[in-house]
A.B. asks: 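Once you've had a glance at the structure underneath, I'll fire off some questions.
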Amino acid sequence: MNPPCTDPKEVDAVNVYQDDLIDYYTNTECHSYPYLQKQLCQLVDTPPPAKPLPVDITLYYEYKCGPCRREISTQIAPAFEKLKSIMNVNFFPYGLSQWHQWTKLCAVESESADKYVPFIGCVMGSKDVNEPAIAAQQCANKVGLDMTTINECAYGPLGRGLMLRAYEKDIATKPDVQYVPW
């Protein structure tokens, strides 16, 4: 059994996530494989970038899709709250519930991710599936969004234009989106 290449506690240039990764590899059988040992040493010897590169998440979803609702409300929105400094979230709501999709597109278009991600997470986690306007208003109040502005967008030409853009983005994906969430 090979010893770990470096004790993670002695490497001050490695951030917390890299420390966890190093701990995992050095405390398991993985470190006995030369290739992984080499990768681990390279990771330890490479200083982290000054600012971590963001992770881009793009999600295609529909409002009344149960798995979509769970994915957004229990996975994506909570992860964003913890990792917003290194995470970009792009939502592409498209489907049968047009008013609801338009309000989400308008929120994304007019607000920062700090507001629209928690808003969409809240709405998707709401029990009011059949009353999206009530859920949207409650969630807008909770995260500090102006629902009047969002509704003006949703009911106007901008909302229709955003929906068309989401549709074009959807059909431009390769491979085609066959299911949601995707």
Side-chain angles (χ1 to χ4, degrees), residues 15-17 20-21 48-182:
N15 67 26
V16 172
Y17 301 109
D20 291 344
L21 183 64
K51 182 178 180 190
L53 299 175
V55 174
D56 290 317
I57 305 289
T58 300
L59 185 73
Y60 293 84
Y61 71 96
E62 291 183 12
Y63 173 65
K64 290 193 176 184
C65 162
C68 297
R69 295 174 66 80
R70 281 189 301 280
E71 182 73 21
I72 292 171
S73 65
T74 66
Q75 299 295 317
I76 293 176
F80 178 79
E81 284 303 311
K82 293 179 182 174
L83 303 171
K84 65 177 94 179
S85 67
I86 60 166
M87 186 176 178
N88 295 326
V89 179
N90 303 296
F91 289 114
F92 286 97
Y94 190 76
L96 303 173
S97 180
Q98 289 188 350
W99 174 84
H100 183 73
Q101 309 303 10
W102 289 352
T103 60
K104 301 311 153 283
L105 289 166
C106 288
V108 169
E109 182 70 17
S110 64
E111 297 292 337
S112 70
D114 285 344
K115 295 241 181 173
Y116 75 73
V117 174
F119 171 68
I120 294 173
C122 175
V123 172
M124 295 300 278
S126 171
K127 306 263 186 271
D128 295 323
V129 176
N130 295 319
E131 297 292 337
I134 293 171
Q137 184 62 59
Q138 290 171 346
C139 292
N141 292 343
K142 182 178 178 181
V143 301
L145 290 180
D146 180 12
M147 202 62 206
T148 303
T149 303
I150 292 172
N151 280 330
E152 287 173 1
C153 168
Y155 288 112
L158 179 58
R160 289 187 291 280
L162 293 172
M163 193 66 167
L164 179 60
R165 186 172 71 186
Y167 172 73
E168 289 170 347
K169 179 79 173 171
D170 180 50
I171 62 172
T173 60
K174 300 293 181 224
D176 292 335
V177 175
Q178 300 291 320
Y179 53 88
V180 289
W182 185 77

A.B. asks: Under the rule for side-chain hydrogen bond (donor to acceptor under 3.5 Å, both in side chains), what residues qualify as partners of Thr149, not counting sequence neighbours?
C.D. replies: Asp146
A.B. asks: Which atoms form the tightest heavy-atom contact between Met163 and Pro93, and what is the distance?
C.D. replies: SD-O, 4.3 Å
A.B. asks: Does the pair Gln75 and Arg70 meet the rule for a side chain to side chain contact (heavy atoms under 4.5 Å, CB included), with working shown?
C.D. replies: CA-CA 7 Å; Gln75 299 295 317; Arg70 281 189 301 280; over 6 Å; no
A.B. asks: Go through the structure and list residues passing side-chain hydrogen bond (donor to acceptor under 3.5 Å, both in side chains) with Asn90, not counting sequence neighbours.
C.D. replies: Thr58
A.B. asks: Just verifying a value: how many Å separate Met147 CE and Thr103 OG1, rounded to the nearest 0.5 Å?
C.D. replies: 5.0 Å
A.B. asks: With side-chain contact (heavy atoms from CB on, under 4.5 Å) as the test, pick out the partner of Lys84 among Lys82, Met87, Glu81.
C.D. replies: Glu81
A.B. asks: Kindly write out the residues that satisfy side-chain hydrogen bond (donor to acceptor under 3.5 Å, both in side chains) with Arg165, not counting sequence neighbours, or none if the list is empty.
C.D. replies: Glu109
A.B. asks: Set out, in order, the CA-CA distance, both residues' side-chain angles and the distance that settles side chain to side chain contact (heavy atoms under 4.5 Å, CB included) for Ser110 and Leu158, then state yes or no.
C.D. replies: CA-CA 11 Å; Ser110 64; Leu158 179 58; over 6 Å; no
A.B. asks: Would you compute the distance between atom SG of Cys65 and atom CD of Glu71 and round it to the nearest 0.5 angstrom?
C.D. replies: 10.0 Å
A.B. asks: Identify which one of Val89, Val143, Val108 satisfies the side-chain contact (heavy atoms from CB on, under 4.5 Å) criterion when paired with Val117.
C.D. replies: Val89
A.B. asks: Does any part of the side chain of Leu145, heavy atoms only, come nearer than 4.5 Å to the side chain of Ile150, both counted from C-beta?
C.D. replies: yes
A.B. asks: So, does Arg69 use its side chain to make a donor-acceptor pair with the main chain of Ser126 at under 3.5 Å?
C.D. replies: yes
A.B. asks: Is any side-chain heavy atom of Leu105 less than 4.5 Å from a side-chain heavy atom of Phe91?
C.D. replies: no
A.B. asks: Nearest 0.5 Å, what's the CD1-CZ distance between Ile86 and Phe80?
C.D. replies: 11.0 Å
A.B. asks: So Ile120 and Tyr61, do their side chains get closer than 4.5 Å, heavy atoms only?
C.D. replies: yes
A.B. asks: Which pair of non-hydrogen atoms, one from Ser73 and one from Met124, has the smallest distance, and what is that distance?
C.D. replies: CB-C, 4.0 Å
A.B. asks: Heavy-atom distance under 4.5 Å between the side chains of Leu164 and Arg160, does that happen here?
C.D. replies: no
A.B. asks: Taking all heavy atoms of Pro54 and all of Asn88, pick out the closest pair and write down the distance.
C.D. replies: CB-ND2, 3.5 Å
A.B. asks: Run the side chain to side chain contact (heavy atoms under 4.5 Å, CB included) check on Val55 and Leu83 step by step: do they pass?
C.D. replies: CA-CA 9 Å; Val55 174; Leu83 303 171; over 6 Å; no
A.B. asks: Heavy atoms only: give me the nearest Trp102-Gly159 pair and the separation to one decimal.
C.D. replies: CD1-O, 3.8 Å
A.B. asks: List the atom of Cys68, the atom of Pro181, and the distance in Å for their closest heavy-atom pair.
C.D. replies: SG-N, 3.4 Å
